[in-house]
Amino acid sequence: MSLRLMVFLAAFSLTTCDDDEGPADPKPPRAVRTMIVAQGGEDAYRTLPGLLTAAETMRLAFPVAGRLIDVPLRAGDRMTQGEAVARLDPADIEREITAAEAKLAAALARLDATDAEFQRQRTLFERGLVARAGFERISADLSAALADRRVAETDLAAARDRLDRITLRAPREGVVTALLANRFEELAAGQPVYEVAVTAALQAEVLAPEALLAVIAPGTPVAVRLPAFPDQSFAAEVTEIAADAEAGVAYRVKARLADPPEGAKTGFSAAVSFTLPRAAGAIDIPLSALIFADTRSEPTAGDSATVYVFDEATGTVRARQVRIDGVVGTDLLVTEGLSPGEHVVTAGVALLSDGEPVRLWSLPE
């Protein structure tokens, strides 16, 4: 056989093989993860980070004026109820007491002399030996002596009371947050010496998003957890919601602890959990089921969104509009658009299209 014939036969053989090759295998349906939705579920919570602060503060001051000679506490120091926390110089008040005692002694001596003369004049007046005008004068002198004694007694009692008030005592247990006066400073009555946070009254402060304000109000019960006291939860109650936003659209919310633990201090970190009311018939689905391309921002209560529902009869997925009742962590609460028992696609939604054939993902055997 010639070389030319052999080349021709080889080419013919290759051409025949190519022509006999069948069509390519079709692309298999995309595998998707789904979940069967159901109504109900556990209560939803929203937990926000915050700090412990003092629910009550007080400023301690002397009710009398004087020179401050003893102020032992500084910011951060604790004080117990009834403890002496500051003292004024007693020298001036002690001099007042000495003067008041002398004044009272003089008044009493004058009163004794006047009363003795009054008794003598009254006896003479009753016998008709003294004119009425003379008796009335001694009666007036006695009344004046009695008034002088009462004034002297009042001045002495006031001076002694001021001496008792030069020692400042803590009315409640607390922690000093600021020292407002210095030793040897002349203080006016009522001028504060300490600013104190009451340790028996603690609150947790958090910045709450605008959407949360719709479900909380003063009096709303919350749970507070403190990292310093692991595995414990403390009951608290919302006491204040700020009228103005601070960071963006976050509002400061304060929740007072009903029974703060021993050793808790202002400045401790805290986590405040708010219970979110669940709408009747609400269904939980993961946030990953949402088609984010259809939303302009993160989903919030009242928004409409799109999810894919798997149709077992046709083996396809269909886009479905749902209504969001709330977002809790990584879950959506849906109140419209889904029925219990339906299969919602929870992974791979970004690659799907409405009506696309799919197969349920499963672990390899």
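- Listed for the Ser288 side chain is a donor-acceptor partner under 3.5 Å among the backbone atoms of Thr346.
- Under the 4.5 Å side-chain criterion, counting only non-hydrogen atoms from C-beta, Phe62 is not in contact with Gln191.
- Grouping the Ile, Leu, Val, Met, Phe, Trp and Tyr side chains by contacts below 4.5 angstrom, directly or via other members, places Val85 apart from Leu180.
- Ring-plane geometry between Phe268 and Phe229 is classed as tilted, the angle between the planes lying from 30 to 60 degrees on a 0 to 90 degree scale.
- None of Arg78, Arg74, Met79 except one satisfies the side chain to side chain contact (heavy atoms under 4.5 Å, CB included) rule with Val176; the exception is Met79.
- Between Glu96 and Arg160 there is no salt bridge, since none of the side-chain N atoms of the basic residue sits less than 4.0 Å from a carboxylate O of the acidic one.
- For the pair Arg183 (side chain) and Ile69 (backbone), a donor-acceptor distance under 3.5 Å is present.
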Given side chain to side chain contact (heavy atoms under 4.5 Å, CB included), test Glu185 with Leu187 step by step and report yes or no. CA-CA 6 Å; Glu185 182 178 348; Leu187 302 180; 3.9 Å; yes
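- A donor-acceptor contact shorter than 3.5 Å links the side chain of Glu356 to the backbone of Ser353.
- Listed for the Asp148 side chain is no donor-acceptor partner under 3.5 Å among the backbone atoms of Ala107.
- For the atom pair CZ of Arg110 and CG of Leu146, the computed distance is 9.5 Å after rounding to the nearest 0.5 Å.
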Is there a side chain to side chain contact (heavy atoms under 4.5 Å, CB included) between Leu352 and Val32 once you walk through the steps? CA-CA 9 Å; Leu352 299 177; Val32 295; 3.9 Å; yes
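- Counting only heavy atoms from C-beta outward, the side chains of Leu163 and Ile97 approach each other to under 4.5 Å.
- Between the side chain of Arg67 and the backbone N or O of Phe184, no donor-acceptor pair lies under 3.5 Å.
- In this structure a side-chain-to-backbone donor-acceptor pair under 3.5 Å is present from Glu342 to Ser339.
- Using a 4.5 Å heavy-atom cutoff, the side chains of Asp164 and Ile166 are not in contact.
- Distance check, rounded to the nearest 0.5 Å: OG1 of Thr199 to CD of Glu56 gives 10.5 Å.
- Residues Val349 and Thr306 have side chains not in contact (no heavy-atom distance under 4.5 Å, counting atoms from C-beta outward).
- We find the CG-OG1 distance between Asp161 and Thr154 to be 12.0 Å, quoted to the nearest 0.5 Å.
- A heavy-atom distance below 4.5 Å is not found between the side chains of Asp244 and Arg252.
- A donor-acceptor distance shorter than 3.5 angstrom exists from the side chain of Thr177 to the backbone of Glu195, with no hydrogens or angles considered.
- A side-chain donor-acceptor contact under 3.5 Å links Arg225 to the backbone of Gln232.
- Between the Glu126 side chain and the Thr123 main chain, no donor and acceptor come within less than 3.5 Å of each other.
- The OH atom of Tyr308 lies 10.5 Å from the CZ atom of Arg318; values are rounded to the nearest 0.5 Å.
- For the pair Glu117 and Arg120, the salt-bridge criterion is met [side-chain N within less than 4.0 Å of a carboxylate O].
- By the 4.0 Å N-to-carboxylate-O rule, Glu237 lies too far from Arg256 to be salt-bridged with it.
- With hydrogens and angles disregarded, a donor-acceptor distance shorter than 3.5 Å links the side chain of Tyr194 to the backbone of Leu73.
- A side-chain donor-acceptor contact under 3.5 Å links Thr53 and Glu205.
- The shortest side-chain heavy-atom distance between Leu111 and Leu142 falls under the 4.5 Å cut-off.
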